[in-house]
Colleague: 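Quick one: the structure is below, and I'll ask about it shortly.
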Amino acid sequence: MESGLISVDRWADGSQAYFLTHLHSDHTKGLSSSWAKGPLFCSRLTAKLFPFKFPHFNLSLIRILQIGSWHTLSLLSSSGSRSRVQVMAIDAHHCPGSVMLVFRGEFGCLLYTGDFRWEANCERAARARDMLLGAIKDEVVDIIYLDNTYCNPSYDFPSRQVAAQQVVNIILSHPEHDIVIGINTLGKEDLLLHISRELKIKICVWPERLQTMHLLGFNDIFTTNTSITRVRAVPQYSFSIDTLEALNTMHPTIGIMPSGLPWVKKGLQKSENLYSSFLTSRSKRGRWSANGEVRSDQPVTNIGLIERFHEYMYSVPYSDHSNYAEIKEFVKLVRPTKLKGIVSSSTCYIEPMYYLGPFCGVNRPAQKLHSKHESKGSVERAEAVSTKSSFHNDNFEESENKRIKTSKVKSSGFRLSKFSGLRRMSRGAKIYETNSPVKAEKA
DNA sequence: GCGATCAGTT
DNA sequence: CACAACTGATCGC
C-alpha cells in the first residue's frame, strides 16, 4: 500500500496525518495512550478532553484545528513531491468537540461529516451552515462521507429541543419520583442543562462525569451529591430495569433513556396520523397513572414517540445523530457529486445514494440561486422516487430479516458466531492517497 | 501490561 | 427487534 495518506477516525499504519472528529469510543478504536503513528488533528475542545480519555498520550502529537479556519498541510507523495492539502473543521453539533472536516487538494474537495446533527432553527446550526457554505462556495464537493446512521426515511424524530422538553414533562408529571437518566461519557449535556434550567435544580452525575463537566466549563450545575437533587444521570450501560426495580424498593424512581431505540415506525406512511400524540393515545388507553401525569389536554406538539416500555422506564427520542429529513437537507445544501456512508451497520445497511442520489449534483452557486424557482418541482420528483424506493427498501429489510431469522433457526441451540461477522463494522476512512485518484475505503 | 477480538449491555 | 456507545472477558504476545 502506498504511503502518503490522510486518515479520519481510522488508526491503521500508513498515513501522514490523522484526524479525529470526536472522542466517542467507536471512533477511537485503535487509538491509545501510546499513539505514535503521526500527528493527530482535532478540535480544541477534543484536545482538551483528550488526556481524560488517554492519560499518557503524547500531547506534542496533537494539532488543534481552529473551527472555521483553513489549515494547510504539506504531505509527501510517494514520488517525493510535496502535495498541499487544506482542511477546515466545522461544528458537527454531535457531542462536545465534534467536528466535520472539509478537505481541499489536488484530489478535489471532500467533506467528512463524522457523526453530526443538522438541526434547523438553532443559532449554532446557522453558524455551522454559514461556515460550511463559505468553505465550499467556490468548490464542487466531490464526495460527502456521510453519517448515515439514520439515513432512511423511516427514521423520523424531533429536534433535541423538543425531546428535551418531553423529558422535562415526564419529570414534571412525576413530582414525587427520583429520576434516573442514562447517558454516556460524552454527549447529551444540553439535555441535562435544559432540565436543570427548567426545573431549577442541580443534576447529579458520577465522579468522572463531573470532571468532564468541569472541563466543559459547567461549574455550578452538576454535583455528585445525590441528596441535594432528585435528578441523577448514570452511565447508560449500568442502567437497567433491574436497577430501577431495586431502586423502587427504596424510593419511587423512574428511568429515562434519552436515546434511540423504538422510533422506527412500522406503518408510518399509512393512515397512521403522525400528529396524534403518543402521549394522548397512551393516556386514553389508561396506561398512564392518574395522579398528575401528562394530561391529554395539553398541546400536542410531540411528533416523536415517548415510549414507556416498562412501568419504571421511559424512552425519549433524543438523538445526537441527524434524522433522515436533516440528512436530506444537508445533502441538498451541499449537492455533492457523490455520497458515501461512514457507518455500515450489521443489518439493513442502505447505500446512501439509494435515497439521496436525487439530491446530489452540481453545486455551483449560480445553479443554487436558479434552482429556487424549480426547487418545488424537483423536490416533488425526488419525493416520488424516494417513496418508490422505500417500497423496495421495505422488501429489502424484510428479506434481510428473513435471512437472519433463517440462519438463526438453522443454527438453533448454538450461540451464533455467525452473528459476530454481521456486527457493526468500524467507522472511519482513509480518504486520500497521493498520486492516485480520490479513493476511500471503510476500515 | 498492551492491543485486538469477541460477547454482551442498555 | 432496532442503534450507538460502552464494558468486560479472553487470547496472544
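Not measured: the values here are computed from a predicted model. Chain A is the first sequence line, chain B the second, and so forth, proteins listed ahead of strands; every chain is numbered from 1.
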Colleague: If I take atom OH in residue A/Tyr237 and atom C1' in nucleotide C/dA5, what distance separates them, rounded to the nearest angstrom?
Modeller: 11 Å
Colleague: Could you state the CE-C1' distance from A/Met257 to C/dA4, rounded to the nearest angstrom?
Modeller: 11 Å
Colleague: Quick one: is C/dA5 close enough that its OP1 or OP2 comes under 4.0 Å of any side-chain N or O from A/His94?
Modeller: yes
Colleague: May I ask you to verify if any side-chain N or O of A/Thr149 is less than 4.0 angstrom from the OP1 or OP2 atom of C/dA4?
Modeller: yes
Colleague: Can you figure out which of B/dT10, C/dC3, C/dA5 approaches the side chain of A/His321 most closely?
Modeller: C/dA5
Colleague: Do A/Tyr324 and A/Tyr155 have ring centroids that are under 6.0 Å from one another?
Modeller: no
Colleague: Side chain of A/Gln236 only, heavy atoms from C-beta on: which candidate in C/dC3, C/dA5, B/dT10 is closest?
Modeller: B/dT10
Colleague: The criterion is side-chain hydrogen bond (donor to acceptor under 3.5 Å, both in side chains); which residues satisfy it with A/Gln236, sequence neighbours excluded?
Modeller: none
Colleague: Just jot down the salt bridge (Lys or Arg N to Asp or Glu O under 4.0 Å) partners of A/Lys202, sequence neighbours excluded, or say none.
Modeller: none
Colleague: Residues two or more places apart in sequence or in another chain: which of them pass salt bridge (Lys or Arg N to Asp or Glu O under 4.0 Å) with A/Glu119?
Modeller: A/Arg117, A/Arg160
Colleague: Expressed in angstrom and rounded to an integer, what is the separation of A/Asp26 atom CG from C/dC3 atom P?
Modeller: 14 Å
Colleague: For A/Tyr314 together with A/His174, are the ring centres under 6.0 Å from each other?
Modeller: yes
Colleague: Report each atom pair, protein N/O against N/O of nucleotides 2-5 of chain B, whose distance is under 3.5 angstrom.
Modeller:
| from | atom 1 | to | atom 2 | distance (Å) |
| --- | --- | --- | --- | --- |
| B/dG3 | OP1 | A/Ser32 | OG | 2.7 |
| B/dG3 | OP1 | A/Ser34 | OG | 2.5 |

Colleague: Round to the nearest Å and state the distance from A/Asn148 atom CG to C/dC3 atom P.
Modeller: 11 Å
Colleague: Distance check needed: C/dA4 C1' versus A/Phe157 CZ, whole Å only.
Modeller: 12 Å
Colleague: Please give, in whole Å, the distance from B/dT9 C1' to A/Ile183 CD1?
Modeller: 17 Å
Colleague: Please work out if A/Asp320 contacts a base, only the sugar-phosphate, or nothing of the nucleic acid, heavy-atom cut-off 4.0 Å.
Modeller: nothing
Colleague: Is the phosphate of C/dC6, meaning OP1 or OP2, less than 4.0 Å from a side-chain N or O of A/Thr185?
Modeller: yes
Colleague: Would you mind reading off the distance between A/Arg117 atom CZ and C/dA5 atom C1', rounded to a whole angstrom?
Modeller: 17 Å
Colleague: Show the distances under 3.5 angstrom between N or O atoms of the protein and N or O atoms of nucleotides 10-13 of chain C.
Modeller:
none

Colleague: Restricting to side-chain hydrogen bond (donor to acceptor under 3.5 Å, both in side chains), what partner residues turn up for A/Ser240, sequence neighbours left out?
Modeller: A/Thr243
Colleague: When you measure from the side chain of A/Trp11 to the backbone N and O of A/His27, does any donor-acceptor pair fall under 3.5 Å?
Modeller: yes
Colleague: Just distance, no hydrogens or angles: give the donor-acceptor pairs under 3.5 Å from side chains in residues 210-220 of chain A, sequence neighbours left out.
Modeller:
| from | atom 1 | to | atom 2 | distance (Å) |
| --- | --- | --- | --- | --- |
| A/Thr212 | OG1 | A/Glu208 | O | 3.2 |

Colleague: For A/Phe52 and C/dC6, what is the distance between atoms CZ and P respectively, to the nearest whole Å?
Modeller: 12 Å
Colleague: Quick one: list whatever passes salt bridge (Lys or Arg N to Asp or Glu O under 4.0 Å) with A/Asp91, sequence neighbours left out.
Modeller: A/Arg124
Colleague: Counting only side-chain heavy atoms from C-beta out, which of C/dA2, B/dT10, C/dA5 sits nearest to A/Ser25?
Modeller: C/dA5
Colleague: Restricting to side-chain hydrogen bond (donor to acceptor under 3.5 Å, both in side chains), what partner residues turn up for A/Asp147, sequence neighbours left out?
Modeller: A/Thr149, A/His321
